[in-house]
Peer 1: 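Here it is, the structure in full.
All values derive from a computational prediction rather than experimental measurement. Below, chain A is the first sequence line, B the second, and so on; all start at residue 1.
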2 protein chains.
Amino acid sequence: MDTSLSRDPIAEAQRNWEEHGWGDAAASMAAITAIMRTQQILLARIETTLKPFGLTFARYELLALLSFARKGSLPMNKASALLQVHPTSITNAVDRLERAGLVERSRHPTDGRTTLIELTAAGRTLAKRSTAALNAGVFSAPGFDAGDVDQLIRILGAFRRNAGDFQD
Amino acid sequence: MDTSLSRDPIAEAQRNWEEHGWGDAAASMAAITAIMRTQQILLARIETTLKPFGLTFARYELLALLSFARKGSLPMNKASALLQVHPTSITNAVDRLERAGLVERSRHPTDGRTTLIELTAAGRTLAKRSTAALNAGVFSAPGFDAGDVDQLIRILGAFRRNAGDFQD
DNA sequence: TGAATATACTAGGACATCCAACGTTTGGTG
DNA sequence: CACCAAACGTTGGATGTCCTAGTATATTCA
């Protein structure tokens, strides 16, 4: 699993693409494959950092989102929209967080369809601690060269806007 | 699930980070979150394109890798190393591809521990067709701005090298 | 007002990924 | 030559994601 190869397998795939006459798609294929692999590496680091807290990244994201909510609570459909995942993924995450005593479900006062999620005291504490750990262990030194972080934010921001994630 | 937000939720998260005094980690957090989301968008497009062929991206990657192998066959541990996924993921993919008649397992002639994977004729045909579909539907127009593809390859290549993916 | 439509959440299933543990085969070492 | 550590693949379990379908509640409109 964690063996270092002598050559970049993605660059190798790009060469294969070019040799087969798919030169117009080769570079994009390489970029997309690199995004896939980078996501995998980063996710593994994040999960390792969160493991001591009993959290996964999916659950952490929800916890962090709730900790920034002004009212301290959020409808499940809002969480689904903001985290940009399927509603059933939110249900799954809330189930586990609730079982761990970190959040609680409550009925919406006026709309009987919606369920509100709210942090418990334990949830709020864990959100702070795990965020500090992620900042220290991953975000403050992610391994990108200087200046590249801003490039990534720009490039991927444009891509996500093109993909319809947001208007702005 | 596919609702367009008025504002970029990742930029919003970055602002939250900065307001809480985590300015040194805010930009990296935003870049990493953007990578996660971009991967999700691209994977969804790829899976949609592959669905008519009865393939998932994981199975396609293995199929494509085999189609480039000189001998037409590859040990499972090689596939695991080149695709950079856990050996059990290869076992899973080969199980399904074999059941679909696209690949076959065979014993290594000299080393009794290793298993070789080989494309069937049907597998080779499907690899070609699905690659053409991906090139046409995703890779040839991925939605990145001009010049950004090369930037991505450079930035993510450096990251992966730092992460120990390859020497080069 | 009452029926049709839309929205919100949940249940069940398919798929992929990882980890831990296991059995088999190799190959180096005493 | 025998033994044991290492390598290889598989099984079983946990997690997350998505999809489809179903139930309950709101909203719209005839």
Peer 1: Look at A/Arg59 and D/dA14 and indicate whether a side-chain polar atom (N or O) is within less than 4.0 Å of OP1 or OP2.
Peer 2: no
Peer 1: In whole angstrom, what separates A/Asn92's CG from D/dC18's C1'?
Peer 2: 11 Å
Peer 1: Using a cut-off of less than 4.0 Å, is there contact between a side-chain N or O of A/Thr91 and OP1 or OP2 of C/dT10?
Peer 2: yes
Peer 1: Taking only the side-chain nitrogens and oxygens of A/Arg105, find out if one of them lies under 4.0 Å from OP1 or OP2 of C/dT10.
Peer 2: yes
Peer 1: Out of D/dT10, D/dA7, C/dA8, which nucleotide sits closest to the side chain of B/Pro87?
Peer 2: D/dT10
Peer 1: Do the side chains of B/Asp148 and A/Arg154 get close enough for a salt bridge, i.e. N-O under 4.0 angstrom?
Peer 2: yes
Peer 1: Taking NE2 from B/His86 and C1' from D/dT15, how many angstroms apart are they, rounded to a whole number?
Peer 2: 14 Å
Peer 1: Is any side-chain N or O of A/Thr56 closer than 4.0 Å to OP1 or OP2 of D/dG16?
Peer 2: yes
Peer 1: Any carboxylate oxygen within less than 4.0 angstrom of a Lys/Arg side-chain nitrogen, looking at A/Arg105 and A/Asp95?
Peer 2: yes
Peer 1: Between B/Glu18 and B/Arg15 (salt bridge meaning N to carboxylate O under 4.0 Å), is one present in this structure?
Peer 2: no
Peer 1: Give one of base, sugar-phosphate or nothing for B/Thr110, where a contact means two heavy atoms less than 4.0 Å apart.
Peer 2: sugar-phosphate
Peer 1: With nearest nucleotide decided by heavy atoms, which residue, B/Lys78 or A/Phe57, maps closer to the 5′ end of DNA chain D?
Peer 2: B/Lys78
Peer 1: If only side-chain N and O atoms of A/Gln40 are considered, is one of them under 4.0 Å from the OP1 or OP2 phosphate oxygen of C/dC18?
Peer 2: yes
Peer 1: Quick one: B/Arg45 CZ to D/dT17 P, roughly how many Å, whole number?
Peer 2: 20 Å
Peer 1: Give a yes or no on whether a donor-acceptor pair under 3.5 Å exists between the nucleobase atoms of C/dC19, that is its base, and the side chain of B/Thr88.
Peer 2: yes
Peer 1: Whether the side chain of B/Ser130 engages the backbone of B/Ala127 through a donor-acceptor N/O pair (distance < 3.5 Å, no angle test) should be reported.
Peer 2: yes
Peer 1: Could you tell me how far apart B/Arg96 (CZ) and C/dA14 (C1') are, to the nearest whole angstrom?
Peer 2: 8 Å
Peer 1: Just how far, in rounded Å, is C1' of C/dA16 from CD of B/Gln39?
Peer 2: 11 Å
Peer 1: Starting from P on D/dA6, measure out to CG on B/Asp111 and report it in whole angstrom.
Peer 2: 17 Å
Peer 1: When you measure from the side-chain N and O atoms of B/Ser89 to the phosphate of C/dT17, is any distance below 4.0 Å, counting only OP1 and OP2?
Peer 2: yes
Peer 1: Please state how far atom CE in B/Met76 lies from atom C1' in D/dT10, giving the value in whole angstrom units.
Peer 2: 9 Å
Peer 1: Quick one: on DNA chain C, does A/Lys51 or A/Asn77 contact a more 5' nucleotide (nearest heavy atom)?
Peer 2: A/Asn77
Peer 1: In this structure, how many angstroms lie between the C1' atom of C/dT17 and the CG atom of B/Leu43, rounded?
Peer 2: 12 Å
Peer 1: Just wondering, do A/Leu119 and A/Ser67 contact through their side chains at under 4.5 Å, heavy atoms?
Peer 2: yes
